[in-house]
Amino acid sequence: LEKLILDLGLENIVELPGEDRDVLNKINNAAAFIMSSDYEGMPNALMEAMAMGIPCIATDCPCGGSKYLLTRDNSGILVGMNDSAGLAEQMVYIIEHETDAQEMGKRAQYVKEEMHPDKIIISSPGGLVADMTKEDYIKGNYSFLRNPIIANVFRRLNIIEAFATG
C-alpha cells in the first residue's frame with residue numbers, strides 16, 4: 001500500500017495510521033461509515049455503525065440487507081454497485097452537509113430498537129415474525145420469520161443464546 005500511495009503521488013493525501021487500541025474512540029469520531037461491498041447479506045458492521053449514529057453510505061447489492069436498513073426514514077444513503085462516481089459524490093455530500101449527515105445518523109439509530117432481540121421476537125400481525133414457540137426459537141427453527149433478511153440476522157448473530165439466557 002505504501003508503494004502504491006507513492007506511485008500515485010498521494011503521500012500528502014492518504015494516511016496509514018497503523019494499529020490503534022482505542023478503536024471505539026476512532027469509530028466515534030468518524031465522519032461516515034462507507035461500505036462499498038458488492039456482496040452482503042445483512043451487514044453487521046453497517047448495523048453497528050448505524051446504532052452508533054454514524055452517517056452511512058452503502059452499495060445496493062443484490063441480497064438487499066443494506067437497502068432494507070438504509071431506506072427507512074432516510075437513515076442512510078444507497079449507491080449503485082460499481083458506481084464509484086456516485087459513491088464519491090455521496091461521500092462529498094456527507095462532508096459538505098454536516099448537519100444533514102448528523103441528522104441522518106440520528107435517524108439510523110432506529111436499528112438499536114428494531115434489531116434488538118426482544119423487539120424482533122415479538123409476534124404481531126404484519127410484523128417481522130409470525131407466531132412461534134420458545135422451543136422453536138431455541139432449536140434454531142427460524143421458519144416462522146416472514147422476512148428472509150431478518151431470518152438471516154437470527155442465524156448470523158446466534159441470538160438463540162441471548163434468548164435462552166435472557
Are [X] and [Y] grouped together when hydrophobic residues (ILVMFWY) are joined by side-chain heavy atoms under 4.5 angstrom apart?
X	Y	value
L46	I27	yes
L1	L10	yes
L4	I13	yes

Taking the hydrophobic residues Ile, Leu, Val, Met, Phe, Trp and Tyr, and joining any pair whose side-chain heavy atoms are under 4.5 Å apart, which ones share a cluster with I57?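 In the cluster with I57 are I34, I77, V79, L87, M91, Y93, I94, M104.
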Is there a side-chain contact between L6 and K3 in this structure, where contact means two heavy atoms from C-beta onward sitting under 4.5 Å apart?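 Side-chain contact under 4.5 Å: no.
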[atom1]/[X] to [atom2]/[Y] distance, rounded to the nearest 0.5 angstrom?
X	Y	atom1	atom2	value
I54	E48	CD1	CD	10.0 Å
D60	S37	CG	OG	11.5 Å
E103	E98	CD	CD	11.5 Å
C56	F33	SG	CZ	6.5 Å
L16	I5	CG	CD1	4.0 Å
D83	S36	CG	OG	11.5 Å

Partner set under side-chain contact (heavy atoms from CB on, under 4.5 Å) for Q109, not counting sequence neighbours: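 Q109 satisfies side-chain contact (heavy atoms from CB on, under 4.5 Å) with K112 only.
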Stepwise side chain to side chain contact (heavy atoms under 4.5 Å, CB included) test for E40 and C63: CA-CA 6 Å; E40 288 289 339; C63 294; 5.9 Å; no
Quick one, E89 with V92, criterion side chain to side chain contact (heavy atoms under 4.5 Å, CB included). Give me CA distance, side-chain angles, the key distance, then yes/no. CA-CA 5 Å; E89 181 180 314; V92 169; 5.9 Å; no
State whether the side chain of T59 and the backbone N or O of M81 hold a donor-acceptor pair below 3.5 Å, judged by distance alone.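 A pair under 3.5 Å: no.
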Does any N or O in the side chain of Y110 come within less than 3.5 Å of the main-chain N or O of L69, such that one atom is a donor and the other an acceptor?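 Looks like yes, one N/O pair under 3.5 Å.
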Before you tell me yes or no, could you show the steps for L70 and M50 under side chain to side chain contact (heavy atoms under 4.5 Å, CB included), namely the whole-Å CA-CA distance, both residues' side-chain angles and the distance that decides it to 0.1 Å? CA-CA 9 Å; L70 295 179; M50 291 173 72; 3.8 Å; yes
Heavy-atom pair of closest approach, residues P55 and Q102: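 Closest approach of P55 to Q102, heavy atoms only: CG-N, 4.5 Å.
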